[in-house]
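Worksheet for the structure shown next.
Just so we're on the same page: letters track the sequence lines, and every chain starts at 1. Fair warning: this is a prediction, and the values are worked out from it, not measured in the lab.
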Amino acid sequence: MVEFDEELIERLRKVQKTIALKAIIEDRFEKPICKIAGVDVAYNGLNAYAAVVVLKLPDFRVIEKITYRDKAAIPYIPSLLCFREGPLILRALRNIREEFQVLMVEGHGIAHPFKCGLATYVGVLSGRPSIGVSRRLLAGCTCEVPKAPLEHKPILLNGEVVGYCLRPRNRAKPICVSPGSFISLETALEVSIRSLGYYRMPEPLRLAHLAANDTKRLHVFE
DNA sequence: GCGACAG
DNA sequence: ATCTTGTCGC
């Protein structure tokens, strides 16, 4: 596990800013969206387990599910999550055979202090459209909170709309949606809404989360 | 100075 | 994220 010092953090900040400049917040894929992937990572001490699921819309039928295991390279530092999980996710993605149009990631996209959240990192470095969906705000703010189901309010960061705060269900706490790269603000929101099932988190992420934890437990059991 | 801080 | 069982409520 790599140790963090101020110098390393500064270097990573520069990498983030470079990646942020390469992010393209426009739709760069075929529509309508029918296949979407979700990825999540679970940990067991130093072991990291990534799971990627590819599912079809609108029925949420899973057409592929893979897992990938490796050692956690660096610890978690708020706003530097992409360097902990990003490389692992990029390697896991290489094992996916099915085609998909958008990758949904657990974390933020451009709704990040340096506009380079995990979803942006993965999107830019893989060259694939990506969306970041998070359970809480990291950067920026919302002037008001969405009240009704599927209601949404913009997330503002330095006077710019970088994503949306979305109420997924009646009483559920809102989630934060922001483009990673190669997708527009509107489409990131639309895809997130279309990916919602019965739970708070969109199905691609919920299923990836379950899969990641399943393999973690299986590995521990052996 | 104090608190907040994706997973 | 992770450590963890039962339990209150729709």
Nearest whole angstrom, please: distance from the [atom2] of [N] to the [atom1] of [X].
X	N	atom1	atom2	result
A/Phe114	B/dC5	CZ	P	16 Å
A/Phe83	B/dA6	CZ	C1'	14 Å
A/Leu138	B/dA6	CG	P	6 Å
A/Asn47	C/dA1	CG	C1'	14 Å
A/His112	B/dC5	NE2	P	14 Å
A/Leu88	B/dA6	CG	P	20 Å
A/Arg217	C/dT2	CZ	P	9 Å
A/Asp40	B/dA6	CG	P	15 Å

Under 4.5 Å between side-chain heavy atoms, counting indirect links through other Ile/Leu/Val/Met/Phe/Trp/Tyr residues: same cluster for A/Tyr121 and A/Tyr76 or not? yes
So what does [X] hit on the nucleic acid, given a heavy-atom distance under 4.0 Å: a base, only sugar-phosphate, or nothing?
X	value
A/Ala42	sugar-phosphate
A/Leu80	base
A/Tyr43	sugar-phosphate
A/Ile77	nothing

Between [X] and [N], does any side-chain N or O lie under 4.0 Å from OP1 or OP2?
X	N	answer
A/Arg136	B/dA6	yes
A/Ser134	B/dG7	yes
A/Lys216	C/dA1	no

Using the aromatic ring of A/Tyr76 (for Trp, its six-membered ring), decide whether it stacks on the base of C/dA1 within the limits of 5.5 Å and 30°. no
Counting only N and O atoms by type, is there a donor-acceptor contact under 3.5 Å from the side chain of A/Glu151 to the main-chain atoms of A/Pro168? no
Apply salt bridge (charged side-chain N to carboxylate O under 4.0 Å, His left out) to A/Glu26 and list each qualifying residue two or more places apart in sequence or on a separate chain. A/Arg28
Between B/dC5, B/dG7, C/dT2, spot the one nearest the side chain of A/Arg135, thanks. B/dG7
For residues 175-184 of chain A, tabulate all N or O donor-acceptor pairs below 3.5 Å that involve a side-chain atom, not counting sequence neighbours.
{"residue": "A/Ser178", "atom": "OG", "partner": "A/Gly109", "partner atom": "N", "Å": "2.7"}
{"residue": "A/Ser181", "atom": "OG", "partner": "A/Ile24", "partner atom": "N", "Å": "2.9"}
{"residue": "A/Ser184", "atom": "OG", "partner": "A/Asp27", "partner atom": "OD1", "Å": "3.2"}
{"residue": "A/Ser184", "atom": "OG", "partner": "A/Asp27", "partner atom": "OD2", "Å": "3.3"}
{"residue": "A/Ser184", "atom": "OG", "partner": "A/Glu186", "partner atom": "OE1", "Å": "3.4"}
{"residue": "A/Ser184", "atom": "OG", "partner": "A/Thr187", "partner atom": "N", "Å": "3.1"}
{"residue": "A/Ser184", "atom": "OG", "partner": "A/Thr187", "partner atom": "OG1", "Å": "2.8"}

Is a side-chain donor-acceptor pair under 3.5 Å present for A/Asn47 with A/Lys216? no
